[in-house]
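Notes follow the structure.
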Amino acid sequence: MIVKQIIDSNMFSVINVGRDTERTITKPYSCDLLSMAMVKASVGCAWFTVIGNANTIAVAVHSDCSCIILCEGVRLDEFAFKKAVEHGVTVLCTDMPVFEAALKLSNAIDAN
C-alpha cells in the first residue's frame, strides 16, 4: 500500500500531503517516546503517535517514515505544521486510539 492510497481511501483525515505520496508503507509503527521512535521506527513505516509538535516532524524526517498518523484527536501545532510543509512530510489524523488506528491500517495493508 502506498501513501496516496491511504489519502484517497479517506481512512484518516489529511493535515498535510507530503512530497512523495507514491512511497510504499512498510508497516505501522507506534511509539510516543521520541528518542525511541528515532531509533526504532523503520524506513517507510507509518508512524502512529499522539505527539503533534515539531519534534515529531524532525523524528519522522530523520527516521524516513512514509507518513505520520496523529491519533486521539491530536493535531499539529502551527509551527509543526509549517515544518511538515517545509520538509514534505505527509501527516494524517484520526480520533481513534493508536492501537485501533494502527490495526485499521495493518488490515488495509494485508488486504492489498
Side-chain angles (χ1 to χ4, degrees):
M1 174 168 262
I2 63 172
V3 173
K4 183 178 183 337
Q5 288 174 299
I6 293 176
I7 293 168
D8 291 346
S9 75
N10 295 316
M11 187 181 311
F12 307 112
S13 299
V14 177
I15 293 176
N16 184 59
V17 176
R19 288 188 198 114
D20 189 2
T21 59
E22 297 297 316
R23 287 195 70 181
T24 298
I25 297 170
T26 56
K27 65 179 182 177
Y29 175 75
S30 171
C31 184
D32 292 322
L33 183 59
L34 296 176
S35 59
M36 182 176 282
M38 192 162 40
V39 174
K40 300 282 187 172
S42 61
V43 171
C45 72
W47 179 21
F48 291 80
T49 186
V50 295
I51 302 173
N53 63 35
N55 292 331
T56 301
I57 305 304
V59 169
V61 169
H62 174 78
S63 301
D64 200 17
C65 299
S66 63
C67 62
I68 298 168
I69 296 105
L70 297 173
C71 301
E72 302 276 357
V74 170
R75 302 300 182 259
L76 291 177
D77 63 42
E78 186 178 332
F79 184 67
F81 176 77
K82 288 178 184 175
K83 288 299 178 184
V85 171
E86 178 184 329
H87 291 282
V89 177
T90 295
V91 182
L92 309 170
C93 64
T94 182
D95 290 334
M96 288 186 276
V98 170
F99 177 80
E100 215 174 286
L103 182 60
K104 186 173 184 175
L105 178 62
S106 182
N107 289 337
I109 289 171
D110 289 346
N112 281 334

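Here the OG1-CG distance, from Thr49 to Leu33, works out to 9.5 Å after rounding to the nearest 0.5 Å. Atom CD1 in Ile109 sits 6.5 Å away from atom CD1 in Ile6 (nearest 0.5 Å). Between the OG1 atom of Thr90 and the NZ atom of Lys4 there is a distance of 11.5 Å, given to the nearest 0.5 Å. Atom NZ of Lys104 sits about 6.0 Å away from atom CZ of Phe12, to the nearest 0.5 Å. With rounding to the nearest 0.5 angstrom, the CZ atom of Phe48 is 12.5 Å from the CD atom of Glu72. Expressed to the nearest 0.5 Å, how far CD1 of Ile15 lies from CG of Leu92 amounts to 7.5 Å.
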Which is it for Asn16 and Leu76 under the side-chain contact (heavy atoms from CB on, under 4.5 Å) test, yes or no, and what are the steps along the way? CA-CA 10 Å; Asn16 184 59; Leu76 291 177; 5.6 Å; no
Decide side-chain contact (heavy atoms from CB on, under 4.5 Å) for Val3 and Ile25; before the verdict, give the C-alpha distance in whole Å, the side-chain angles of both, and the deciding distance to 0.1 Å. CA-CA 7 Å; Val3 173; Ile25 297 170; 4.1 Å; yes
Check the pair Leu105 / Met1 against side-chain contact (heavy atoms from CB on, under 4.5 Å), numbers first and verdict last. CA-CA 9 Å; Leu105 178 62; Met1 174 168 262; 3.9 Å; yes
Under the side-chain contact (heavy atoms from CB on, under 4.5 Å) criterion, do Cys71 and Ile69 qualify, and how do the steps go? CA-CA 6 Å; Cys71 301; Ile69 296 105; 4.3 Å; yes
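Scanning all heavy atoms of the two residues, the minimum distance from Ser30 to Val98 falls at OG-CG1, 2.9 Å. Closest approach of Tyr29 and Met36 over heavy atoms only: OH-O, 3.9 Å. Taking both residues in full, the closest heavy atoms of Thr26 and Ser42 are given as OG1-OG, 4.0 Å, listed atom of the first, atom of the second, then distance. Contact between Ala101 and Thr94 at its shortest, heavy atoms only, is CB-CG2, 3.9 Å. The two atoms that bring Pro28 and Ser106 nearest to each other are CG-CB, 3.9 Å, heavy atoms only. In this structure, Ile51 and Thr56 approach most closely via the heavy-atom pair O-OG1, 2.7 Å.
Salt-bridge formation is detected for the pair Glu78/Lys82: a Lys NZ or Arg NE/NH1/NH2 atom is positioned less than 4.0 Å from an Asp or Glu carboxylate oxygen.
In this structure, Asn107 has no side-chain hydrogen bond (donor to acceptor under 3.5 Å, both in side chains) partners at least two apart in sequence or on a different chain. The side chain to side chain contact (heavy atoms under 4.5 Å, CB included) test applied to Val59 returns Leu34, Ala37, Met38, Trp47, Ser63, not counting sequence neighbours.
Val50 and Met96 fall within the same hydrophobic cluster, where Ile, Leu, Val, Met, Phe, Trp and Tyr residues are linked whenever their side-chain heavy atoms come under 4.5 Å apart, directly or through other members. No single ILVMFWY cluster, assembled from side-chain heavy atoms under 4.5 Å apart, contains both Ile68 and Phe99.
The salt bridge (Lys or Arg N to Asp or Glu O under 4.0 Å) analysis of residues 23-33, with sequence neighbours excluded, yields the pairs Arg23-Asp64.
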